[in-house]
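Notes follow the structure.
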Amino acid sequence: MKKVVFLMPGQGAQFAGMGKEICDMYPEVEYVYDLADKVLGTDIKRMCFEGDIDELTRTENTQIAVFLSSVAAFKALDGRYNLEPLCFAGHSLGELTALVCAGSLELESAIRLVRARGIFMQEVSEQFSSKMVAVRNVPLPEIEEQCRTVSVQDYYVAIANYNAPNQIVLTGYKESVDVVVGKLRESGGDEIIVNVKTPFHTKLMEAAAARFADEVVRHDFKHPAYPVMSNVTGHPHNTEDDIADMLVKQITSPVKWIQTMEYLKNLEEDFLVIDMGPKDILKKLALSNEVGVPVFALSHEEDVKTLKQKYLSPKTVVSFISKALGIAVSLKNHNDHHDPLLYEQGVVAPYKRLEAIKATIQQQQDHMTLSDQEEIQELVSTIFEAKKTPMKEREERMAGLMSLVQVRTGEKAFV
């Protein structure tokens with residue numbers, strides 16, 4: 001099985017109704033939206049599934065909507081198929097998504113951070129008129145020189161995203177961006193208006209970055225289970241200690257996506273790339289950067305068919321019981337009363353019973369009855385209680401476990 005590089009999109013991948021189809025096909029991941037509604041006290045799910053595009057395009061709404069859609073898509077895929085991640089790369093906002101999927105950041109913390117990030121950026125953007133434009137067919141040195149010249153003479157304009165050799169995104173004051181684009185057009189360049197009106201990843205976001213810095217320190221980051229690329233450096237985060245600082249710097253620093261793609265091209269691994277976004281923006285950028293490996297997008301029906309036929313192996317019933325055993329082993333013991341007898345009854349005995357059920361299922365050629373499933377759930381719940389696992393963690397782990405129950409039903413595409 002090939003390893004996978006997962007790409008997580010940022011703002012600009014939104015559309016009305018995003019996320020609804022995935023949740024209709026894979027209802028076990030709808031809890032991602034339900035948790036967001038509960039944590040934020042707003043009807044985010046309704047906005048994503050039923051809201052209009054104008055409401056969805058506001059930065060404070062777009063970021064949380066794209067984030068939830070990507071997380072739900074990943075959890076749906078991870079719940080159905082055996083995946084072997086090589087690394088995660090998120091574009092702008094997508095870096096937070098990548099950290100969640102790589103196990104570095106709890107989903108609830110990420111929901112709070114993404115919402116705050118969007119609000120802070122939205123409020124800064126309302127202070128002036130700005131725009132973002134993707135420029136093509138102009139050498140990078142000329143783009144950089146024009147930005148420096150115009151910023152000195154007039155108003156601020158800078159590069160926000162180094163997306164691909166033939167796609168550099170500019171942002172800043174609207175008039176300044178227009179001046180630079182006009183000069184680059186004279187040199188044979190053309191442009192694409194980006195569906196974003198906020199000067200992301202420039203010094204104009206310093207106020208938003210300062211507020212985000214105060215927010216991010218309230219949340220804990222763990223060492224990712226897999227490498228997660230930093231937009232600031234174009235390389236993986238070194239340790240969990242630098243993640244928060246880099247997320248703050250990212251708000252005022254250009255996204256080094258070209259460098260990220262170069263890093264991937266230099267990996268001595270056999271892998272494929274999957275764009276997890278509601279649109280295929282990052283698939284197109286990966287192809288523009290000529291990563292040299294198969295690239296797919298979950299928003300493409302044909303891509304999903306190819307993934308299923310050639311690369312993805314469905315999880316089996318044994319995967320379900322193995323997941324339960326993995327939960328039992330990895331749970332931290334929050335029970336301060338170290339009673340050996342209670343531990344034997346509440347943890348050791350249930351674990352041994354899970355192992356026995358697994359052996360039986362394997363002997364029966366991967367056949368699991370409903371009573372087997374219910375017993376496995378009860379055994380996991382018993383271990384939760386014995387270890388005094390926090391309720392939020394119980395819900396998330398049980399949701400992940402139950403996503404495997406339907407592995408033999410429905411082979412719909414993520415479209």
Side-chain angles (χ1 to χ4, degrees), residues 6-11 13 18-20 22-23 26-49 60-80 83 85 88-119 212 215-226 228 237 240 243-244 247 276-278 298 323 326-327 330-332 334 380 384 389-404 414:
F6 292 97
L7 304 182
M8 306 299 184
Q11 196 162 334
M18 60 189 295
K20 186 177 187 304
I22 288 176
C23 289
Y26 305 94
E28 69 271 14
V29 303
E30 193 166 349
Y31 83 92
V32 172
Y33 289 89
D34 293 334
L35 179 62
D37 284 351
K38 179 181 178 181
V39 169
L40 301 177
T42 57
D43 200 347
I44 297 293
K45 182 164 68 173
R46 180 210 60 78
M47 180 190 68
C48 293
F49 294 179
E60 62 188 275
N61 296 330
T62 306
Q63 294 195 13
I64 189 66
V66 172
F67 167 79
L68 294 174
S69 175
S70 302
V71 170
F74 176 78
K75 288 185 177 295
L77 191 69
D78 188 43
R80 289 303 203 283
L83 302 177
F88 291 81
H91 192 287
S92 188
L93 154 76
E95 190 171 338
L96 280 159
T97 314
L99 288 165
V100 171
C101 295
S104 175
L105 181 63
E106 294 291 337
L107 179 57
E108 180 174 330
S109 289
I111 288 170
R112 295 183 188 279
L113 283 172
V114 170
R115 184 60 163 174
R117 185 180 188 271
I119 291 173
F212 188 72
E215 180 67 27
V216 77
V217 295
R218 301 175 184 175
H219 302 274
D220 296 324
F221 294 86
K222 296 179 289 187
H223 188 75
Y226 306 94
V228 176
H237 287 283
E240 62 268 33
I243 292 175
L247 289 175
M276 302 300 294
L298 288 190
K323 178 81 168 181
I327 290 173
S330 63
L331 281 177
K332 179 180 178 181
H334 294 273
V380 172
F384 282 155
T389 304
M391 191 57 62
K392 181 185 69 173
E393 184 178 357
R394 296 188 194 194
E395 292 172 354
E396 290 184 359
R397 286 183 178 268
M398 189 61 79
L401 177 64
M402 295 311 297
S403 71
L404 304 183
F414 291 77

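Computed from a predicted model, the values in this text were never measured in an experiment.
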Problem set entry | Salt bridge flag under 4.0 Å for residues Lys45 and Glu30 | yes
Seminar exercise, completed: dist Ile64:CD1 -> Leu113:CG (nearest 0.5 Å) comes out at 10.0 Å
Problem set entry | Test side-chain hydrogen bond (donor to acceptor under 3.5 Å, both in side chains) applied to Ser109 - qualifying residues, sequence neighbours left out | His219
Exercise. Does the side chain of Leu83 come within less than 4.5 Å of Phe6's, by heavy atoms?
Worked result: yes
Problem set entry | Side-chain heavy atoms of Phe49 within contact of Ile44, under 4.5 Å | no
For this session: Identify the heavy atoms of Ile22 and Ser69 that sit nearest to each other, and give their distance.
Result: CD1-O, 4.4 Å
Problem set entry | Nearest-0.5 Å distance that lies between atom CZ in Phe88 and atom NE2 in His237 | 13.0 Å
Exercise. Got a salt bridge between Glu393 and Lys332, using NZ or NE/NH1/NH2 to carboxylate O under 4.0 Å?
Worked result: no
Problem set entry | Whether Arg117 side chain and Phe212 backbone form a donor-acceptor pair below 3.5 Å | no
Exercise. What closest approach, in Å, do Cys23 and Val29 show between heavy atoms, and which atom pair accounts for it?
Worked result: SG-CG2, 4.3 Å
Exercise. Does the Ser104 side chain pair with the main chain of Lys222, one donor and one acceptor, at a distance under 3.5 Å?
Worked result: yes
For this session: Take Glu108 and Lys38 through the test salt bridge (Lys or Arg N to Asp or Glu O under 4.0 Å) and record every step on the way to the result.
Result: CA-CA 10 Å; Glu108 180 174 330; Lys38 179 181 178 181; over 6 Å; no
Problem set entry | Min side-chain heavy-atom separation Met18-Val66 under 4.5 Å | yes
Problem set entry | From CA spacing to verdict: side chain to side chain donor-acceptor pair (under 3.5 Å), His91, Gln11 | CA-CA 9 Å; His91 192 287; Gln11 196 162 334; over 6 Å; no
For this session: First locate atom CD of Glu396, then atom CG of Leu401, and finally report the distance between them rounded to the nearest 0.5 Å.
Result: 13.5 Å
Exercise. Looking only at heavy atoms, which two atoms of Leu68 and Ala36 are closest? And how far apart?
Worked result: CD1-CB, 3.7 Å
Exercise. Quick one: CZ on Phe67 to CG on Leu107, what's the gap to the nearest 0.5 Å?
Worked result: 5.5 Å
Exercise. Counting heavy atoms not belonging to Asp220, are there more than 12 under 6.0 Å from its CG?
Worked result: no
Seminar exercise, completed: Of all heavy-atom pairs linking Thr389 and His334, the shortest is CA-CD2, 4.2 Å
Seminar exercise, completed: Tested for side chain to side chain contact (heavy atoms under 4.5 Å, CB included) against Tyr31, the lone hit among Lys75, Met402, Met398 is Lys75
